Amino acid sequence: MPRTLLLAPCVALALSVAGQAQAATPDLASLIECRGDIAGLTALAPALEDPLKAVALGWQPLPQANMFMTEYRLASPIRVFGNDTDRIAFTGGSVMAILDLPDPRPLAKELALETAIDTPTKAMFGKELRSEETRDADSGKVLIESVVLNVSNVASHPGKTLVGCSYSLDLPEEPQDEAPAAPPQAAGA
């Protein structure tokens, strides 16, 4: 009987831990579709810094085909902008889905993005979706949180389209003072 009493709390604890792990699983689709925020992206930092933490989330690190991107294969696909994928990538403050779409232009048009580059070999589209003032809790400084949706292709991933969101937190631009007036010239000069 004592073993049965000990087993029940252990099972309850295991279920509780499993439930917490599921609750801690990041909503990648939300972050990729720019429905998240910089705090959500920052919460992924431990997984990006430690491959074992990424594996614990069900992410398989992939060989680095592009020196600017860190890629993962997901244990189960996610759906972003109507497309399923099991590949994601991170670069700087961006999280992206790698889609099996050979041309990024139709998706960029569907999302009403602005053209940055559009050549036969390279296409980049984007649009700032949010730009909000926020106050840093530690310093009290006003910061601007910006959220930009991007769609592009990249030579390291032929036949693929990258779609995702860039999150940034910046200081506001300083107002530009008008140029100082020329000093008055002395009389008779």
Side-chain angles (χ1 to χ4, degrees), residues 14-113 116-130 145-169:
L15 291 174
S16 173
V17 169
Q20 289 174 4
Q22 282 185 339
T25 301
D27 185 352
L28 291 170
S30 179
L31 287 169
I32 291 167
E33 291 181 339
C34 296
R35 294 180 285 120
D37 58 25
I38 198 161
L41 184 62
T42 303
L44 298 178
L48 300 177
E49 294 167 359
D50 182 349
L52 292 177
K53 290 182 180 174
V55 170
L57 289 173
W59 304 356
Q60 174 191 357
L62 296 174
Q64 194 168 356
N66 182 312
M67 65 189 301
F68 301 106
M69 294 178 6
T70 305
E71 290 183 58
Y72 299 92
R73 181 172 314 284
L74 303 174
S76 54
I78 58 172
R79 188 160 188 82
V80 292
F81 300 111
N83 297 276
D84 292 327
T85 186
D86 66 351
R87 289 181 57 195
I88 59 170
F90 295 88
T91 180
S94 299
V95 56
M96 299 169 286
I98 301 172
L99 305 178
D100 289 324
L101 299 175
D103 185 2
R105 291 164 187 87
L107 181 58
K109 183 176 181 179
E110 176 187 324
L111 298 173
L113 302 182
I117 297 173
D118 193 359
T119 69
T121 58
K122 181 68 182 163
M124 288 178 60
F125 306 90
K127 184 177 184 179
E128 185 174 56
L129 301 180
R130 284 193 321 263
E145 182 175 352
S146 178
V147 177
V148 178
L149 180 60
N150 303 288
V151 171
S152 65
N153 62 2
V154 63
S156 61
H157 293 72
K160 305 289 184 190
T161 291
L162 281 66
V163 60
C165 198
S166 297
Y167 296 89
S168 65
L169 201 56

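We count residues from 1, following the sequence as given. None of these values were measured; they are calculated from a predicted model.
Of the possible polar contacts, none joining the R105 side chain to the D118 backbone as a donor-acceptor pair under 3.5 Å is found. In terms of modelled atom types and a separation under 3.5 Å, the side chain of T91 and the main chain of S94 share no donor-acceptor contact. Panel note: side chain E145, backbone I38; a donor-acceptor pair is recorded below 3.5 Å. No donor-acceptor pair under 3.5 Å is formed between the side chain of K160 and the backbone N or O of L101.
When side chains are defined from C-beta on, T161 does not count as touching F81, because their heavy atoms never get closer than 4.5 Å. Looking only at side-chain heavy atoms (C-beta outward), I78 and T85 come within less than 4.5 Å of each other. In this structure the side chain of L31 reaches within 4.5 angstrom of the side chain of Y167, judged on heavy atoms. Residues V148 and K127 form no side-chain contact, since every pair of their non-hydrogen atoms from C-beta on lies 4.5 Å or further apart.
Note that CG of L62 and CE of M69 are 10.0 Å apart. Values are rounded to the nearest 0.5 Å. One distance of note links CD1 of I98 with CD of E71; it measures 4.0 Å at 0.5 Å rounding. Atoms CG and CG, on L74 and D84 in that order, are 11.5 Å from each other to the nearest 0.5 Å. Interatomic distance, S152 OG to M96 CE, rounded to the nearest 0.5 Å: 7.0 Å. Here S30 contributes atom OG and D37 contributes atom CG; the two are 8.5 Å apart, rounded to the nearest 0.5 Å.
Residues S146 and E128 share a closest heavy-atom pair of OG-OE2, 2.6 Å. When all heavy atoms are compared, the tightest approach of P158 to A155 is CD-O, 3.5 Å. When all heavy atoms of V55 and P61 are compared, the closest pair comes out as CG2-CD, 4.0 Å. Scanning both residues, A65 and S156, for their nearest heavy atoms gives O-CB, 3.5 Å. S166 and N150 make their closest contact through OG-ND2, 2.9 Å (heavy atoms, listed as atom of the first residue, atom of the second, distance).
The residue from I88, L28, I32 that alone fulfils the side chain to side chain contact (heavy atoms under 4.5 Å, CB included) condition with V80 is I32.
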For this session: Would you sort out whether L107 and F125 count as a side-chain contact (heavy atoms from CB on, under 4.5 Å), showing the intermediate values?
Result: CA-CA 10 Å; L107 181 58; F125 306 90; over 6 Å; no
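Taking the six-membered ring where tryptophan is involved, the planes of Y72 and W59 are tilted, since the angle between them lies from 30° to 60°.
Enclosure of atom NZ in K53 is not indicated, since only 12 or fewer non-hydrogen atoms of other residues, nucleotides or ligands lie within 6.0 angstrom.
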